[in-house]
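In each ligand, atom 1 is the first atom listed, and ligand 1 is the first ligand listed. Because the structure is a prediction, the values reported are computed rather than measured. All residue numbers refer to positions in the sequence shown, counting from 1.
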Amino acid sequence: MGRSIYFFGGGQADGDAQQKELLGGKGAGLAEMTRLGIPVPPGFTVTTEVCNAYYAAGKALPAGVEDEIRAAIGRLESLLDARFGSPEAPLLVSVRSGARASMPGMMDTILNLGLNDEIARGLAKRTGCERFALDAYRRFILTYADIVLGVPRDRFEEALGRARKQAAARLGVDATRLNAAELERKVPDSLLDPESLAALIQRQKDIVLGATGRPFPDDPYAQLWGAIRAVFDSWKNHRAQVYRKMHDIPEAWGTACNVQAMVFGNLGDDSGTGVAFTRDPSTGERRFYGEWLPNAQGEDVVAGVRTPHPLSKSGAGGVSGAGGVSGAGGVSGTGGVDDACSLEAQMPDVYAELVEVQATLERHFRDMQDLEFTIQQKKLFLLQCRTGKRTGRAAVRIAVEMAKEGLISQREAILRVEPGSIDQLLHPSIDPSAPKKLLARGLPASPGAATGQVVFSADEAERRAGQGKAVILVRSETSPEDIHGMKAARGILTARGGMTSHAAVVARGMGKSCVAGCSAISVSQGQMAVTLYDDHGHPTDTITVKAGDLITLDGGTGTVYLGAVPTVPAALSGEFEELMVWADAVRRLRVRSNADTPHDARTARNFGAEGIGLCRTEHMFFDEERIQAMREMILADGEAGRRRALAKLLPFQRGDFVGVFREMAGLPVTIRLLDPPLHEFLPQDEAQLHQLSKAMGVPAQDLSRKNEELAEYNPMLGHRGCRLAITSPEIYEMQARAIVEAACEVAAAGIEVEPEIMIPLSMTRRELAITRALVEGVAEKVFAEKGRRVDVRFGTMIELPRAALVAGELAEEAEFFSFGTNDLTQTALGISRDDAGRFLGAYVEAGIFARDPFQSLDAAGVGELVEIGRDRGRAARPGLKLGVCGEHGGDPSSIAFFERAGLDYVSCSPFRVPVARLAAAQAALAAESSRGPRATD
Ligand code: ADP
Ligand code: MG
Ligand code: MG
C-alpha cells in the first residue's frame with residue numbers, strides 16, 4: 001500500500017484528476033480544483049486502498065493511518081488558524097464518501113463534525129450566531145446517530161416535533177390543531193430559537209443514550225474515527241450494493257473518504273448553497289443551469305424541504321423549461337419572483353465568479369460538469385465537481401456541440417455517447433418532472449414508457465385495444481401464443497423471465513416497452529398482487545391491482561408506477577442525425593436488423609438497417625387464419641394431408657416475403673426456415689384444446705394424443721430446426737417456394753432483391769447437402785415456371801458447438817454463416833436460458849460470470865467458438881460472409897468483440913439499430929487506437 005492520505009489546500013494538492021481509482025471521483029475532483037486555483041475548503045482524502053485494507057482486516061483501520069490522519073488535521077489547523085476540538089477557534093469538518101464512479105446519494109456523508117456542548121458554545125461566540133451554532137450541532141447529532149451509531153432518524157421525529165411546538169408557542173402560533181407536516185411548514189427549522197434547540201439537543205442525546213446505552217461521543221477524534229469507519233461501511237450498505245449491481249460497478253473498488261474543513265451556507269442571508277451544471281443535463285442546451293438556497297446547508301437543496309431558486313435570471317442564457325435538478329420541478333422560465341430570487345440578482349459578484357469557475361472547469365475537463373458550491377458570507381467555495389450525468393438526448397447534443405465548438409474532436413464525440421443511452425431517444429419517456437408512485441421494479445427489458453389499463457390475457461388485450469383503450473399486458477411470462485396480445489398492448493409486464501425471455505425479445509423487436517422478471521408481482525385469477533418494499537429491501541405491504549387499473553411502465557429503467565404518469569414523445573434531433581453520420585463514416589461492421597414483417601422491416605430501414613439479418617418465418621404462423629392451417633398440417637396423418645394444409649399457408653408466406661423484399665429493396669434479406677418444435681403451435685391447456693377440437697371438427701382425444709406424441713423432454717435439443725426438414729421436407733419446400741416466388745414477383749416489378757435462405761440448427765455437412773438440394777430443386781422449378789431467375793444465396797446458422805467445429809465442412813455447402821449466439825450460448829454453456837433465471841443472478845453475483853452471458857457474449861467460450869467457426873469457414877470458402885443474429889448483435893460490448901473478430905455484420909431488433917451503429921463505430925475507433933497510437937480521451 002502506498003501513502004494513505006492525500007492533502008489538498010492552500011493552492012496545492014498531493015493528488016490530481018487522474019487518480020480517481022485511489023482518491024475516488026470526489027477526492028480527485030477536489031484535488032484538481034485546488035490545483036486550478038479554484039476556492040475549495042482544504043482537506044484530505046483517505047484512499048480507497050485504506051478502505052479495502054479496512055475490510056481485509058475485518059473492519060479495522062490499518063496501523064499508522066490514525067497517526068497520519070492526526071498529522072493531516074494538524075496541517076488543516078495551521079492552514080486555517082483553527083483547532084479541531086478547541087472551543088476558542090473550532091475547526092469543524094465534513095466526512096464524505098466518494099467512490100471511483102459517482103454513486104449519488106448511495107453512501108454516507110456527515111457534516112459539522114467536531115462539536116460538543118462546549119465547542120458549540122465557542123462556535124456561537126466566534127460567529128456571533130447562537131442559533132446557527134446550535135442548529136449545526138443538533139443536525140450533526142441527528143446524522144451521526146443515524147449513520148454511525150445506528151439510531152434511525154425517525155426516532156428523533158417526536159423530539160423535533162416538540163421543539164417545533166415549543167418554538168410555536170414562543171412565536172404565538174397556535175399549534176394544537178396542526179399535524180406534523182403543517183407544523184413543519186408553520187415552524188420550519190430556520191425558526192427554531194436557541195432555547196428550543198438547546199432543549200432539543202439534550203433530548204437527542206438522551207435518545208442516543210437510551211438506544212445505545214452509551215452517551216453521545218463528546219471527543220472530536222472519537223467522532224472522527226466513528227465517521228470514517230461509517231463512510232467505509234457505507235460502501236457495503238444495501239442501497240449501494242443495489243446501485244453497484246445496476247451499474248456494473250465492482251465490489252472491489254472500495255470508497256475513498258474525504259475529510260474537509262466545513263464552510264457554512266447557513267450563516268445568514270449572505271450565505272447559501274447550491275448545485276449547478278455547465279450545460280442543461282436534460283436537454284444538453286449550452287447554458288449555465290442550476291439551483292440554490294440562501295441561508296442553507298449542503299443537503300437542503302436536494303432534500304426538497306424548501307424549493308430552491310434558479311441561479312440565473314430567466315433571460316440569461318436561454319430558457320428551456322426542462323425539469324429541475326432535484327425533481328423539485330421546473331425552475332426556469334417562470335421569470336418574475338424567480339428572477340428576483342436568483343443568485344444572479346441576489347449576489348451578482350458571487351454569480352459572476354461562479355460563471356467564471358464553471359467555464360474554467362468545463363474547458364479544463366472538456367466535458368459537462370456537475371458542481372456543488374457553498375457561499376459563506378459572500379465568499380464562494382466549490383465543494384465538488386464531476387462529469388455531469390445527462391439524459392441520452394443531452395449526451396448527443398452536448399457531444400455534437402462540443403465537437404463543433406472545437407472543444408473535442410468528432411471521434412471523441414462518437415466515443416462520448418454511451419450507445420445504450422440513445423435507446424431512450426427512440427421511444428417516449430417518462431416526464432422527469434411528473435409526480436409518480438413507485439409500484440415495483442423489474443428488469444429494463446425493452447425501453448420506452450407506456451401507460452395503460454392492466455389486462456391479464458392476450459385476448460383481453462386485443463379486445464380492449466380494439467375498443468381504443470391503451471392496455472398493458474401483464475403475464476407471469478409470455479409465450480408465442482400471446483403475440484397478438486403483445487401487439488395490441490402498449491407495454492408488457494412479466495413476473496418471470498430475464499432480459500432474453502420471450503417477452504423481452506419480442507417486445508424489443510416490436511419497439512414496445514417491457515419490464516420483465518418483476519418478482520414483486522404475482523399474477524393469478526385475474527389480478528396481480530404486488531409486494532411493496534422499503535429502501536432496505538424488506539417487504540412492507542401488499543397491494544392488489546385489478547384488470548382495468550392504470551399502471552405505467554418505464555422499460556428503460558425497469559420501473560413500474562401505479563396510475564398514469566405523463567410521458568414525453570420521442571424526438572430525433574438534428575444532432576442525433578449528425579452523430580450517426582459521423583459514426584457511419586468510421587464504422588466497418590455492417591448493421592442489419594432482425595425483422596419478421598414488412599412493418600418491422602420499414603422501421604428497421606428508417607433507423608438505418610443495411611439489410612435483414614434474421615427474418616423468423618414462424619412468427620408469421622401465429623395469425624388467426626394461419627395458425628389454423630398450421631395446426632391442420634401438424635395433425636394431418638400423411639404427407640398428402642400435410643401438403644394440402646401447407647398449400648393454404650403458401651400464399652400468406654409469399655405475401656409476407658413480397659412485403660419484406662419491397663421494404664428492403666436493394667438490401668440483403670436473410671430468411672430462416674422453420675425453427676421451433678411443432679408442439680409450440682398447438683394449445684396446451686384443456687379449455688383451448690376443446691375449443692380447437694370444436695373449430696376443427698377433430699375429436700379432442702386426437703388432439704391430446706397428438707400433443708402427447710409431440711411432447712419432448714427437452715424441446716430445445718429436440719425435434720426442431722433442420723431436423724424437421726429431414727423428417728418432413730414438405731415444410732421447407734413450401735417455404736422455399738414462397739421465398740423464391742416472392743423474389744421473382746418483386747424482381748419482375750423492377751425492384752432489386754437479395755434473398756438469403758438460412759437453415760437453422762445444422763451441424764453436419766449432410767444436413768446442409770439435403771436441405772440445399774431441396775431448396776435448389778424448388779428454386780429451379782419456380783424459375784422455370786416464372787421464366788426468370790434471381791440470385792438466391794444459401795447459408796446456415798452456426799448455433800451448435802459442433803457446427804462451429806466442423807465449419808470447414810459446412811462452408812462447402814453454405815455461402816454464408818450467421819452465428820445464432822442465443823442458442824450457441826445455450827448449447828456451449830449447457831444452460832437453458834429459460835431456466836437460467838433461478839441461478840444466473842447468483843452466478844453474476846459470485847463473479848462466476850462478469851455479466852449475463854445471454855446479454856453480453858461470453859467472449860472466452862462462445863467467442864472462441866465464433867472464432868473457430870470463422871477461421872475454419874473462411875479457410876474452406878474465402879470471402880464467406882459472416883454475421884450475427886442473436887440478441888448479442890445489439891449489445892455494445894458484444895459488438896466490440898464482433899468487430900475485433902472481423903465479422904461482416906451484426907443484426908439486432910429494429911429499435912436497436914442506431915445503438916448498434918454507434919457501438920460499431922466506437923468498436924472501430926477502439927480497434928484503430930489499439931493498433932496505432934491511442935486516440936485522445
Ligand atoms: P453526496 O456524495 O451524497 O453528494 P457530499 O459528500 O457531496 O455527498 O455531501 C453532501 C452535501 O454536503 C453536499 O451538498 C455538499 O456540498 C455538502 N458538504 C460536504 N462537505 C462540506 C463542507 N466541508 N462544507 C460545506 N458543505 C459541505
Ligand atoms: Mg455531492
Ligand atoms: Mg436458434
Side-chain angles (χ1 to χ4, degrees), residues 8-9 20 23-30 33-34 38-46 72-73 76 79-80 82 84 90-115 123 127 132 135-136 139-140 142-144 146-147 224 227-228 230-232 234-235 237 239-240 243 249 255-267 271-277 290-293 295-306 308 325-326 354 369-377 379-389:
F8 53 88
K20 278 194 190 155
L23 307 180
K26 204 177 280 171
L30 289 168
M33 286 196 288
T34 304
I38 288 169
V40 172
F44 56 88
T45 305
V46 188
I73 291 276
L76 272 184
L79 204 60
L80 294 167
F84 192 56
L91 166 67
L92 302 192
V93 296
S94 62
V95 179
R96 318 172 64 190
S97 56
R100 196 191 297 188
S102 127
M103 298 169 56
M106 289 301 125
M107 291 179 299
D108 295 326
T109 282
I110 295 164
L111 304 182
N112 306 321
L113 185 141
L115 284 170
L123 183 67
T127 56
F132 152 79
D135 188 49
R139 284 184 197 231
F140 165 61
L142 190 70
T143 329
Y144 196 91
D146 181 29
I147 292 173
L224 184 60
I228 292 174
V231 163
F232 287 158
S234 71
W235 174 250
N237 71 27
R239 59 180 198 276
Y243 187 91
I249 298 173
T255 180
C257 177
N258 302 284
V259 178
Q260 187 176 26
M262 282 301 299
V263 287
F264 301 103
N266 50 344
L267 260 179
S271 302
T273 186
V275 294
F277 292 86
E291 296 176 325
W292 80 297
L293 269 177
N295 199 8
Q297 202 173 34
E299 280 118 334
D300 297 351
V301 178
V302 250
V305 208
R306 285 156 66 193
V325 181
S326 57
L354 186 58
Q369 296 294 300
D370 164 353
L371 314 173
E372 283 175 9
F373 64 90
T374 283
I375 302 157
Q376 177 176 328
Q377 297 172 318
K379 183 156 173 26
L380 174 70
F381 294 94
L382 270 288
L383 287 165
Q384 190 169 337
C385 73
R386 62 184 162 206
T387 305
K389 291 209 191 305

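- Only side-chain heavy atoms of Leu111 come within less than 4.0 Å of ligand 1; its backbone N, CA, C and O stay farther off.
- The residue from Pro41, Gly98, Ala261 that puts a heavy atom closest to atom 23 (N) of ligand 1 is Ala261.
- Closest approach of Ser234 to Ala240, counting heavy atoms only: O-CB, 3.7 Å.
- Those atoms of ligand 1 with a heavy atom of Val263 less than 4.0 angstrom away are 24 (N), 25 (C).
- Remark: Asn266 pairs with no residue by the side chain to side chain donor-acceptor pair (under 3.5 Å) rule, at least two apart or across chains.
- Contact annotation for Met107 and ligand 1: no heavy atom of the residue comes within less than 4.0 Å of the ligand.
- Here Gln384 reaches the Mg ion (ligand 2): one of its N/O/S atoms is less than 2.8 Å from the metal.
- Looking at ligand 1, you won't find any N or O of Thr374 less than 3.5 Å from one of its N or O atoms.
- Side chains of Arg386 and Gln369: no donor on one and acceptor on the other come within 3.5 Å.
- At a heavy-atom distance under 4.0 Å, only side-chain atoms of Lys26, from C-beta outward, approach ligand 1.
- Checked against the 6.0 Å centroid threshold, Phe373 and Phe381 do not count as a close aromatic pair.
- Listed by chain and residue number, Arg138, Arg139 satisfy the side chain to side chain donor-acceptor pair (under 3.5 Å) test with Asp135 (two or more places apart in sequence, or in another chain).
- Between Arg386 and ligand 1, no N or O atom pair is found at a separation short of 3.5 Å.
- Pairing each heavy atom of Thr45 with each of Phe8, the nearest pair is OG1-CE2, 3.7 Å.
- Contacts with ligand 1 closer than 4.0 Å are made by side-chain heavy atoms of Leu383 only, the backbone lying farther away.
- Between Thr273 and Gln297 the shortest side-chain heavy-atom distance does not fall below 4.5 Å.
- Here the N, O or S atom of Glu372 that is nearest to the Mg ion (ligand 2) is OE2.
- No donor-acceptor distance shorter than 3.5 angstrom exists from the side chain of Gln260 to the backbone of Val95, with no hydrogens or angles considered.
- Short contacts between ligand 1 and Glu372, defined as distances under 4.0 Å to a heavy atom of the residue, involve ligand atoms 4 (O), 7 (O), 13 (C), 14 (O), 15 (C), 16 (O).
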